[in-house]
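Keep in mind that what you see is a predicted model, and the values were worked out from it rather than measured. Numbering starts at 1 and runs along the sequence shown.
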Amino acid sequence: MYNRREFIKQSALLGAATLLPAGLSATESFQSASSKKKPTQKPPAKQADTYTVNMSSIRAVPIPPRQISIPDVEGFKVLKGDFHIHTIYSDGDVRPEERVSDAVQNGLDVISITDHFECSPNIYQTERWNIDTHKDANYNIAYEEAKSTADEKKLLFVRGGEITKGMPPGHFNVLFTEDNNAIGAVITDWRKMMQVAADQGAFLLWNHPGWEAQIGNGAALRFTDVHEEIYKKGLMHGIEIFNWEEQYPIVSDWCNERDLALFANSDIHPTELEAYGIQSTLRPITLVLAKERSLASVKEALFAKRTIAWANGLIWGRDPWLPALFKASVVSKTITPGVLELTNTSSLPISVTIGGTVIELPKDIRRQVYRADGVTKITVANWLIGMNKPLEVDIK
Ligand SMILES: [Zn+2]
Ligand SMILES: [Zn+2]
């Protein structure tokens with residue numbers, strides 16, 4: 001009789017899942033099925049009532065998480081984040097734990113689940129936007145449900161929410177809240193909600209400022225008096241320049257003028273697969289230049305406005321961090337006087353313009369070299385430091 005180890009080995013050799021009554025070896029079952037010969041060894045004394053399945057022969061090879069490599073920038077770690085995500089606890093389609101797994105699969109370091117305060121869980125489809133129907137809601141539920149999964153997977157997990165009602169200011173995310181229920185307790189007054197969040201030390205982010213449903217069809221993006229009021233009260237710390245599949249270039253100038261942090265967030269509602277596919281480079285990412293890979297460092301970095309927004313092949317950032325990221329990512333060498341060699345050592349998309357020619361520096365290919373004569377300045381066509389203002393780099 002085969003022992004258990006030999007049995008598993010034998011089953012694997014057969015190259016398929018093997019389901020056998022306990023006590024029967026793979027060879028025996030083959031013999032009895034094909035030649036009807038009497039087994040050479042004694043049959044089991046009693047009817048088998050358990051089975052062993054060798055899963056090793058049918059298990060799919062897991063897809064490793066997406067690797068996004070970006071060198072440190074002036075001593076800061078470049079963390080990959082998404083600070084705008086929905087789950088079934090507002091109008092999203094998936095559970096919080098799945099958002100955590102998807103984020104890890106997509107190579108992210110930090111996320112915040114930001115369900116709408118004003119939208120009760122998807123499972124109550126009727127009147128889900130009627131705040132009277134969810135008076136006893138637990139607005140911390142998504143955070144509480146996914147926290148242990150995030151810890152297990154070593155994903156930095158920020159408690160957050162989205163204040164949604166109260167146009168004209170539009171939607172605001174509150175990040176790093178202490179207790180969402182205290183914010184939900186003043187749900188009929190968006191000004192109070194913002195203030196309670198701020199009193200908890202939260203970071204407040206103006207979401208999708210150009211969303212047509214919010215500003216009206218064809219209307220121009222405006223930093224209105226209400227936004228000015230919010231900003232002056234210290235209740236606006238950042239703005240999304242990217243949201244879902246939209247970008248708002250003017251936000252770059254607003255953030256430069258008012259010292260605000262830029263964000264590229266997914267605002268994902270459907271499944272990851274439906275929204276972007278597997279490990280898609282289209283998924284927006286907010287890069288955070290943090291002292292270390294910790295929640296406290298992420299919070300410090302957001303308030304210090306050390307963020308860079310990356311989506312749809314474009315990278316938006318502010319001085320001095322965007323040039324610093326370029327300097328860290330691209331090795332530039334002068335081979336002989338006037339001959340330049342550029343190498344992209346990061347996963348970031350980089351298109352440079354040299355003498356009117358756009359040259360792609362492919363990501364993740366370290367040994368490709370581009371040479372050009374007489375170069376003193378390059379323009380990084382897809383890295384933007386202001387509206388209509390690509391990054392320019394002097395070559396010494
Ligand atoms: Zn929103
Ligand atoms: Zn949202």
Within the 6.0 Å centroid threshold, strictly below: Phe203 and Phe176 = no

Looking at side-chain heavy atoms only, is the closest gap between Pro349 and Asn382 below 4.5 Å?
-> yes

Looking only at heavy atoms, the pair that brings Pro71 and Val78 closest together is O-CG2, 3.5 Å

Quick check: does any side chain N or O of Asp109 sit under 3.5 Å from a backbone N or O of Lys80, one acting as donor and the other as acceptor?
-> yes

Exercise: do Arg159 and Asn180 side chains pair donor with acceptor under 3.5 Å | no

Parallel under 30°, tilted from 30 to 60°, perpendicular over 60°: which one fits the rings of Trp211 and His208?
-> perpendicular

Taking it one step at a time, do Ile111 and Val158 satisfy side chain to side chain contact (heavy atoms under 4.5 Å, CB included)?
-> CA-CA 6 Å; Ile111 65 162; Val158 176; over 6 Å; no

Are any side-chain N or O atoms of Arg95 and backbone N or O atoms of Ala146, one a donor and one an acceptor, separated by less than 3.5 Å?
-> no

Check step by step if ring pair (Phe, Tyr, Trp, His ring centres under 6.0 Å) holds for His269 and Trp244.
-> CA-CA 9 Å; His269 285 71; Trp244 179 227; 7.9 Å; no

Do Val104 and Asn106 have side chains that get closer than 4.5 Å, going by heavy atoms?
-> no

CG on Asn173 to CG on Leu205, rounded to 0.5 Å = 5.5 Å

Taking every non-hydrogen atom, the tightest pair across Val186 and Met193 = O-CG, 3.3 Å

Look at atom CD of Glu212 and say whether more than 12 heavy atoms of other residues, nucleotides or ligands are closer to it than 6.0 Å.
-> yes

Side chain to side chain contact (heavy atoms under 4.5 Å, CB included) evaluation trace for Asp267 with His86 = CA-CA 7 Å; Asp267 197 1; His86 293 279; 2.9 Å; yes

Counting only N and O atoms by type, is there a donor-acceptor contact under 3.5 Å from the side chain of Asn181 to the main-chain atoms of Asn138?
-> no

Can you give me every donor-acceptor pair (side chain of residues 296-308, partner residue at least two apart or in another chain, under 3.5 Å) with its distance?
unit_1	atom_1	unit_2	atom_2	d
Ser297	OG	Glu292	N	3.3
Ser297	OG	Ser294	OG	3.1
Lys299	NZ	Gly201	O	3.2
Glu300	OE1	Arg306	NH2	2.5
Lys305	NZ	Asp259	O	3.0
Arg306	NE	Leu289	O	2.9
Arg306	NH2	Leu289	O	3.3
Thr307	OG1	Leu262	N	3.1
Thr307	OG1	Leu262	O	2.7

Met387 side chain near Val251 side chain, heavy-atom distance below 4.5 Å = no

Going by atom types only, do Thr87 and Asp115 share a side-chain donor-acceptor pair under 3.5 Å?
-> yes

Using the ring of each side chain (for Trp, its six-membered ring), is Trp206 parallel, tilted or perpendicular to His227, with breaks at 30° and 60°?
-> parallel

dist Trp310:CH2 -> Leu287:CG (nearest 0.5 Å) comes out at 6.5 Å

Answer yes or no: is there a donor N or O on one side and an acceptor on the other, between the side chain of Ser329 and the main chain of Asn344, under 3.5 Å?
-> no

Would Leu348 and Leu322 show up in the same hydrophobic cluster when neighbours are defined by side-chain heavy atoms closer than 4.5 Å?
-> yes

Pairs in or reaching into residues 376-396: which pass ring-ring contact (aromatic ring centres under 6.0 Å, His included), with residues at least two apart or in two chains?
-> Phe326-Trp383

Can you tell me how far OG of Ser266 sits from NE2 of His84, rounded to the nearest 0.5 angstrom?
-> 7.5 Å

How does the hydrophobic cluster around Ile278 look, that is, which other residues are in it when side-chain heavy atoms under 4.5 Å mark a link?
-> Ile63, Leu273

Considering non-hydrogen atoms only, spot the tightest contact between Ile241 and Pro249 and give its length.
-> CD1-O, 4.1 Å

Got a sec, which residues hit side-chain contact (heavy atoms from CB on, under 4.5 Å) with Ser148, two or more places apart in sequence or on another chain?
-> none

Over 12 non-hydrogen atoms of neighbours within 6.0 angstrom of CZ in Arg293 | yes

Closest approach of Ser347 to Gln67 (non-hydrogen atoms, all atoms of both residues) | OG-O, 3.9 Å

So do Phe242 and Thr286 actually touch side chain to side chain, heavy atoms under 4.5 Å?
-> no

N/O donor-acceptor pair under 3.5 Å between His237 side chain and Leu204 backbone = yes

Between the side chain of Asn256 and the main-chain N/O of Ile385, is any donor-acceptor distance below 3.5 Å?
-> yes

Do you know the tightest heavy-atom contact between Gly386 and Trp316?
-> O-CZ3, 3.5 Å

Under 30°, 30 to 60°, or over 60°: which ring-plane class applies to Tyr231 and Phe223, parallel, tilted or perpendicular?
-> perpendicular

Which salt bridge (Lys or Arg N to Asp or Glu O under 4.0 Å) pairs, counting each pair once, include a residue from residues 271-281, with sequence neighbours left out?
-> Glu272-Arg283

About how many Å separate OH of Tyr139 and CG of Asp179, when rounded to the nearest 0.5 Å?
-> 11.5 Å

Please say whether more than 12 non-hydrogen atoms of neighbouring residues, nucleotides or ligands are located less than 6.0 Å from NZ in Lys77.
-> no

Output all residues satisfying salt bridge (charged side-chain N to carboxylate O under 4.0 Å, His left out) with Lys333, sequence neighbours left out; order by chain, then residue number.
-> Glu341

Val393 side chain near Pro323 side chain, heavy-atom distance below 4.5 Å | no

Considering all heavy atoms of both residues, which atom of Phe117 and which atom of Thr164 are nearest to each other, and what is their separation?
-> N-OG1, 4.5 Å

